[in-house]
Protein chains: 2
Amino acid sequence: MAGDGGPVTLRGIAEQLGLHVSTVSRVLNGSSGEQGRAASGETARRIRELADELGYRPNPHATSLRTRRSNLVGVLFPRLSEIVVATIYEGVEEEATLRGLSTFVTNTHDDPTTQRERIGMVLGRRVDGLIIGDAHLDGAALAAPALDGTPFVLVNRRTDTGHPAVTCDDHLGGRLVAEHFLALGHRQVAVIAGEPFASTGTDRTTGFTDRYREAGLPLSAHSVRHCRFDTAGGHRAAVELLSGSDRPTAIFAVNDLAAIGTIGAARDLGLRLGEDLALAGFNDTPLAAELPVPLTSVHSPMAEQGRRAVRLLLRRIAGEPIASEVLRPDLVVRASTGTPIGPGLR
Amino acid sequence: MAGDGGPVTLRGIAEQLGLHVSTVSRVLNGSSGEQGRAASGETARRIRELADELGYRPNPHATSLRTRRSNLVGVLFPRLSEIVVATIYEGVEEEATLRGLSTFVTNTHDDPTTQRERIGMVLGRRVDGLIIGDAHLDGAALAAPALDGTPFVLVNRRTDTGHPAVTCDDHLGGRLVAEHFLALGHRQVAVIAGEPFASTGTDRTTGFTDRYREAGLPLSAHSVRHCRFDTAGGHRAAVELLSGSDRPTAIFAVNDLAAIGTIGAARDLGLRLGEDLALAGFNDTPLAAELPVPLTSVHSPMAEQGRRAVRLLLRRIAGEPIASEVLRPDLVVRASTGTPIGPGLR
DNA sequence: ATGCTCTACCCAATCGTTTGCGCCAATCGT
DNA sequence: ACGATTGGCGCAAACGATTGGGTAGAGCAT
């Protein structure tokens, strides 16, 4: 029962029991070694009993002030309204809760100024570490001097600057799609490559193009189109690709949203998916399967990335040596890549 | 330059300047009234100069401990991976940042136990208030005794228990769809109604059914199907509705995800959208426009709900009297509701 | 009786801010 | 010239928890 006269504190409990606050503190919070030495079994029992009768909850501000540990982590993402990101965050939250951490999550819209601002903001809140999901390949925002000292790990996107990261093996994902297209006999293909600063897009793209090059069918420069990671961006890019003279028979969109934009473009141009045009996306979002023509997509373990990022960060905070982790994707073939248009190629 | 020897504190600044920490505190933080009386203009200037040369950032734990105000708010949602929710959260975050608040946001999966747990968790973090986006109509989780004392407002969903809320006028949204269907001549219609505990679904449904009843065409009980707010749920419900004997010519799905599930079902049953079946969704998510057959949907101001919820909460925290707010939706007609199948009805 | 070791506690400093009050000197009113 | 202001600060007590040191008494051996 709270409300007897202000929130219940260690001191309140100590006074009611005629004990000293330090004794109560040790019983309620001390490392199990201390617990024993702090009070007799009987006293400890009385303390614990009263504490939960009163609904005692330690004041985190006081604890953090004293211990210099906040059990807070900052989480940065471009935009949570993208389902991929939101799903990663679900994993982050799940694992964080399990470990007694709370998270500040914030949208940076991939804008470097906002990124720096938000990093400053969470640092101001004295987080113990950060999980950064909006890294740009050049790692620019991570060079912020303010960051040094505070541990962080990347998730979803890596940088070229070698910060520890948990990612999907995007390069492999791209290869899987290429492999599939090749098996179907597609020789004229294109990539909707996403933003050039995001490793997800570029790695998936190079995975794909590498495989085609190995097959002796290198992609021309104009068959790789960058665009925003959303439906509108995918739509525009697809229109450009599909209205040229040498129209591709298959398109790899590096994420499902761009793929959906591509579907819109194909519709506008009168192309039938899986027949006139093969299309593959990435991330296997729940929508992929429900589309009128179900979408072939690369499945990536998103929530798992989030969980692992938390664990990795925790190890880093503890000062243990850590290494980046790469998770394995796999291809889910559906109707949008239709049937072979020619003999398989190798 | 941080790192000269621990983080920079008021005391550090005060000592370097030969002043007392209280003076520095007042200059840097005092209400503008205090600022003037705290130090001479010259002294104030020196303080401010040194403070930002050293990159001083007040320790929020110390401040919160002392002032009993954390500038933290807890935000509860069923799942952030739903785009509607994520968009509302973007509004929340934007406004919160503007007001100097930070947010803890958490997913409760609409599970009452988790809801209570998470409420306990954010309360344990000593938030100044909560924004609750996962309310159930019965308001059960909000009766938690722990909550009393901490101000909160609802967003997106209201309860029957009269807590202050910011919502879309869902009832009106449902009416708009009914109006549209009636104008197209649909007499046999059905609703995919979402979860029965969420006001969004039930209000949209009754808005719709009320209008049809007024038109002299009351819906039969089995033309209203509850389901989960996701594509799979929509799919199942649609299959049930569409494989019965008196198949509806138009379906109102109370959110876009359920609508997309319906599209999948229609596809499986060989029904052409906008021709054999009219379909309308709700929320006008970015996908709606890109679908092969663009989806008619009710547009609702989602981010704005989030922003208003923050402002409302702030007023409540300040002890001002507040009232619920209802935002106006509007209908966006696209190809999925096709052309009239008969003379318009009234 | 003396010294030792436990057990079961208590003491007090500390984390970094905020804020009511007090104090000294200079200025003002008369 | 003398008391009353007021400008410009300093003092110290909080806020609630943690933690390195006591210390008093009991029990034991010498």
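Just so we're on the same page: letters track the sequence lines, and every chain starts at 1. Because the structure is a prediction, the values reported are computed rather than measured.
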Subject >> Side chains of B:Val84 and B:Thr200 in contact at under 4.5 Å (non-hydrogen atoms) >> reply: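 No, side chains not in contact.
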Original post:
Is there a side-chain contact between A:Glu90 and B:His109, using heavy atoms and a 4.5 Å cut-off?
Top reply: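 Result yes, sub-4.5 Å side-chain heavy-atom pair found.
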Original post:
Under 30°, 30 to 60°, or over 60°: which ring-plane class applies to A:Tyr89 and A:Phe77, parallel, tilted or perpendicular?
Top reply: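 Rings of A:Tyr89 and A:Phe77: perpendicular, as their planes differ by over 60°.
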Quick one: side chains of residues 309-318 of chain B, donor-acceptor pairs under 3.5 Å with protein atoms, not counting sequence neighbours, listed by atom name and distance.
residue	atom	partner	partner atom	Å
B:Arg311	NH1	B:Glu95	OE1	3.3
B:Arg316	NH1	B:Phe152	O	2.6

**OP:** List the steps and the verdict of salt bridge (Lys or Arg N to Asp or Glu O under 4.0 Å) for B:Glu42 and B:Arg46.
**Re:** CA-CA 6 Å; B:Glu42 172 56 14; B:Arg46 284 168 53 221; 5.0 Å; no
Original post:
Taking the side chain of A:Thr9 as heavy atoms from C-beta outward, which of D:dA17, D:dT18, C:dG16 is closest to it?
Top reply: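 So the side chain of A:Thr9 is nearest to D:dA17.
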Original post:
Between D:dG8, D:dG16, D:dC11, which nucleotide gets closest to the side-chain atoms of B:Arg26?
Top reply: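 Closest of the options to the side chain of B:Arg26: D:dC11.
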Below the 4.0 Å mark, does [N] have OP1 or OP2 next to a side-chain nitrogen or oxygen of [X]?
X       : N      : answer
A:Ser40 : C:dC9  : yes
B:Ser25 : C:dT17 : no
A:Asn29 : D:dT18 : yes

Original post:
Can you name the closest pair of heavy atoms from A:Ser199 and A:Leu137 and give their distance?
Top reply: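 Residues A:Ser199 and A:Leu137, closest heavy atoms: CB-CD2, 3.8 Å.
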**OP:** Calculate the interatomic distance between B:Arg11 atom CZ and C:dT18 atom P; express it in whole Å.
**Re:**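 That distance rounds to 15 Å.
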**OP:** Measure from CG on A:Leu10 to P on C:dT14 and round the result to the nearest Å.
**Re:**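 Checked: the CG to P distance equals 20 Å.
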Original post:
Residues in side chain to side chain donor-acceptor pair (under 3.5 Å) with B:Thr9, at least two apart?
Top reply: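 Residues passing side chain to side chain donor-acceptor pair (under 3.5 Å) with B:Thr9: none at all.
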Original post:
What base-paired stems does DNA chain C take part in, with at least 3 consecutive Watson-Crick or G-U wobble pairs and both distances under 3.5 Å?
Top reply: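 If one scans DNA chain C for consecutive Watson-Crick or G-U pairs, the stems found are C:1-30 with D:1-30.
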Subject >> Nearest-0.5 Å distance that lies between atom CD in A:Glu49 and atom CG in A:Leu54 >> reply: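 Reported to 0.5 Å precision, the distance equals 11.0 Å.
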**OP:** Could you list by number each residue of residues 57-70 of chain B showing a heavy-atom separation from DNA chain C of less than 4.0 Å, or answer none if no residue does?
**Re:**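 DNA chain C contact set from residues 57-70 of chain B: B:Arg57, B:Pro58, B:Asn59, B:Ala62, B:Thr63, B:Arg66, B:Thr67.
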Original post:
Between residues 13-22 of chain A and DNA chain C, which residues have a heavy-atom gap below 4.0 Å?
Top reply: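 Those residues whose heavy atoms fall under 4.0 Å from DNA chain C, taken from residues 13-22 of chain A in numerical order, are A:Gly18, A:Leu19, A:His20, A:Ser22.
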Original post:
Do B:Thr167 and B:Arg158 meet the criterion of a side-chain donor-acceptor pair at a distance under 3.5 Å?
Top reply: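 B:Arg158 and B:Thr167 do not have a side-chain donor-acceptor pair below 3.5 Å.
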Original post:
Any donor-acceptor pair under 3.5 Å linking the side chain of B:Thr67 with the backbone of B:Thr63?
Top reply: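 Yes.
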Show me the donor-acceptor pairs, under 3.5 Å and distance only, between side chains in residues 121-134 of chain B and residues at least two apart or in other chains.
residue	atom	partner	partner atom	Å
B:Arg125	NE	A:Ser102	OG	2.9
B:Arg125	NH1	A:Ser70	O	3.0
B:Arg125	NH2	A:Asn71	O	2.8
B:Arg125	NH2	A:Ser102	OG	3.4
B:Arg126	NH2	A:Arg57	O	3.1
B:Asp128	OD1	B:Ser70	N	3.0
B:Asp128	OD1	B:Ser70	OG	3.2
B:Asp128	OD2	B:Ser70	N	3.3
B:Asp128	OD2	B:Asn71	N	2.6
B:Asp134	OD2	B:Thr108	OG1	2.6
B:Asp134	OD2	B:Gln115	NE2	3.1

